[in-house]
Amino acid sequence: MEKIKKTTPTQYDIMEDIKTRWSPRAFDDEPISESEVKLLLEAGRWASSSYNQQPWRVIYGLKGDAVYDRIMECLIPFNQDWAKNAQVLMVTAYKKTNKDGEEYFHALHDLGLFMGNVVIQANHTGIAAHQMGGIDQEKAHREFQFTDDYGIATAVAFGRYGGDVEKLPESLREQELETKRSRMDIEDFAFNGNFKSKS
Ligand SMILES: Cc1cc2nc3c(=O)[nH]c(=O)nc-3n(C[C@H](O)[C@H](O)[C@H](O)COP(=O)(O)O)c2cc1C
């Protein structure tokens, strides 16, 4: 099957793995092994974090195992409809308290750095990631027995690029096939001077 090619109109020339990453909802049927998952987590492990506190925690399931099904049960129905195409599902969580027992203000920031590494490493090996805020966080917290000082952030679906768009609900196909990606211009969010609000 022909892989969908997205156009990423960059203002400056950037690394291929940043440029070619995108978030599919259709994934190839080829399984992802546990060691492939560990490779992605290895990339995440080397992210920087405030005082090297590494607040990230992850639950992962491979298609066919019980953890995968338990994660699936925590997704909102909209995400369940397409995430069933994924070969690996993850729940991401973060530690809410820092080394002094106070609020860990940068925990979500640091989890984001972790995930940034994971998704770029994934892209480098031909694996696509689709992150989801649409997860019942309280349910996932209970289901995976997190303690009170941890919060659930997201779920993530992984699979190889090149999935069959026909496997998606019809309402999601057009967006999947849209080739042009878009972003705000740099000048609209970065200022060599005072903040300027456009919205
Ligand atoms: C924290 C976060 C939450 C997201 N939540 C969802 C979600 O619940 N469902 C979904 O289909 N996509 C979700 N997305 C995917 C975004 O819509 C997508 O990353 C964005 O449109 C940019 O597209 P790209 O990743 O292909 O560049 C989420 C992405 C992030 C980073």
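Since the model is a prediction, treat every value here as computed from it, not as a measurement. Note that ligands are numbered from 1 as they come in the structure, with each ligand's atoms numbered from 1 the same way. Only heavy atoms go into these numbers, but all of them, side chains included; no hydrogens, no water, no symmetry mates.
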Exercise. After noting the C-alpha distance and the side-chain angles of Glu73 and Glu143, does the key distance pass the side chain to side chain contact (heavy atoms under 4.5 Å, CB included) rule?
Worked result: CA-CA 10 Å; Glu73 285 302 308; Glu143 175 67 29; over 6 Å; no
For this session: Tell me, yes or no, whether the heavy-atom count around Phe78 atom CZ, taken from other residues, nucleotides or ligands under 6.0 Å, exceeds 12.
Result: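 Yes - once you tally the heavy atoms of other residues, nucleotides and ligands closer than 6.0 Å, there are more than 12.
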For this session: Please say whether more than 12 non-hydrogen atoms of neighbouring residues, nucleotides or ligands are located less than 6.0 Å from CG in Asp13.
Result: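 No, the 6.0 Å shell around CG holds no more than 12 heavy atoms from other groups.
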Problem set entry | Identity and separation of the nearest protein heavy atom to atom 30 (C) of ligand 1 |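 For atom 30 (C) of ligand 1, the nearest protein heavy atom is Gln131 CB, 3.9 Å.
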Problem set entry | Reference residue Asp29; test side chain to side chain donor-acceptor pair (under 3.5 Å); the match among Lys63, Lys167, Arg160 |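 Running side chain to side chain donor-acceptor pair (under 3.5 Å) over Lys63, Lys167, Arg160 with Asp29 returns exactly one hit, Lys167.
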What atoms of ligand 1 come within less than 4.0 Å of a heavy atom belonging to [X]?
{"X": "Trp22", "result": "26 (O)"}
{"X": "Gly134", "result": "8 (O)"}
{"X": "Ser23", "result": "19 (O), 24 (P), 25 (O), 26 (O)"}
{"X": "Phe78", "result": "11 (O)"}
{"X": "Arg25", "result": "10 (C), 11 (O), 12 (N)"}

Part of [X] with heavy atoms under 4.0 Å of ligand 1, whether side chain, backbone, both or neither:
{"X": "Arg183", "result": "side chain"}
{"X": "Arg181", "result": "side chain"}
{"X": "Ile76", "result": "neither"}

Exercise. Minimum heavy-atom separation for Leu108 to Ala153, with atom names?
Worked result: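 Closest approach of Leu108 to Ala153, heavy atoms only: CD2-CB, 4.0 Å.
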Problem set entry | Nearest atoms (heavy-atom pairs only) where Tyr104 meets Lys95 |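 Residues Tyr104 and Lys95, closest heavy atoms: CD1-O, 3.6 Å.
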Exercise. Strictly under 6.0 Å, is that where the ring centroids of Trp82 and His130 end up?
Worked result: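 Yes - the distance between ring centres of Trp82 and His130 falls below the 6.0 Å cut-off.
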Exercise. Would you say Gly133 and ligand 1 have an N/O pair spaced under 3.5 Å apart?
Worked result: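 Yes, since at least one N or O of Gly133 sits under 3.5 Å from an N or O of ligand 1.
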Problem set entry | Donor on one side chain, acceptor on other, Thr92 and Thr154, under 3.5 Å |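 Looking only at side-chain atoms, Thr154 and Thr92 do form a donor-acceptor pair, the distance falling under 3.5 Å.
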Exercise. Which option out of Gln175, His130, Met132, Lys6 puts a heavy atom nearest to atom 10 (C) of ligand 1?
Worked result: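 When every heavy atom of Gln175, His130, Met132, Lys6 is considered, His130 comes closest to atom 10 (C) of ligand 1.
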For this session: Out of Asn79, Val156, Thr154, Thr92, indicate the one that has the non-hydrogen atom closest to atom 9 (N) of ligand 1.
Result: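 When every heavy atom of Asn79, Val156, Thr154, Thr92 is considered, Asn79 comes closest to atom 9 (N) of ligand 1.
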Problem set entry | Under-4.0 Å protein heavy-atom contact, atom 17 (O) of ligand 1 |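 No, no protein heavy atom sits under 4.0 Å from atom 17 (O) of ligand 1.
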Exercise. Can you find a protein heavy atom under 4.0 Å from atom 21 (O) of ligand 1?
Worked result: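 Flag for atom 21 (O) of ligand 1 set to false, no protein heavy atom closer than 4.0 Å.
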For this session: Report the C-alpha distance between Arg57 and Tyr150 in whole Å, list the side-chain angles of each, state the deciding distance to 0.1 Å, and finish with yes or no for side chain to side chain contact (heavy atoms under 4.5 Å, CB included).
Result: CA-CA 9 Å; Arg57 300 291 183 272; Tyr150 287 86; 3.1 Å; yes
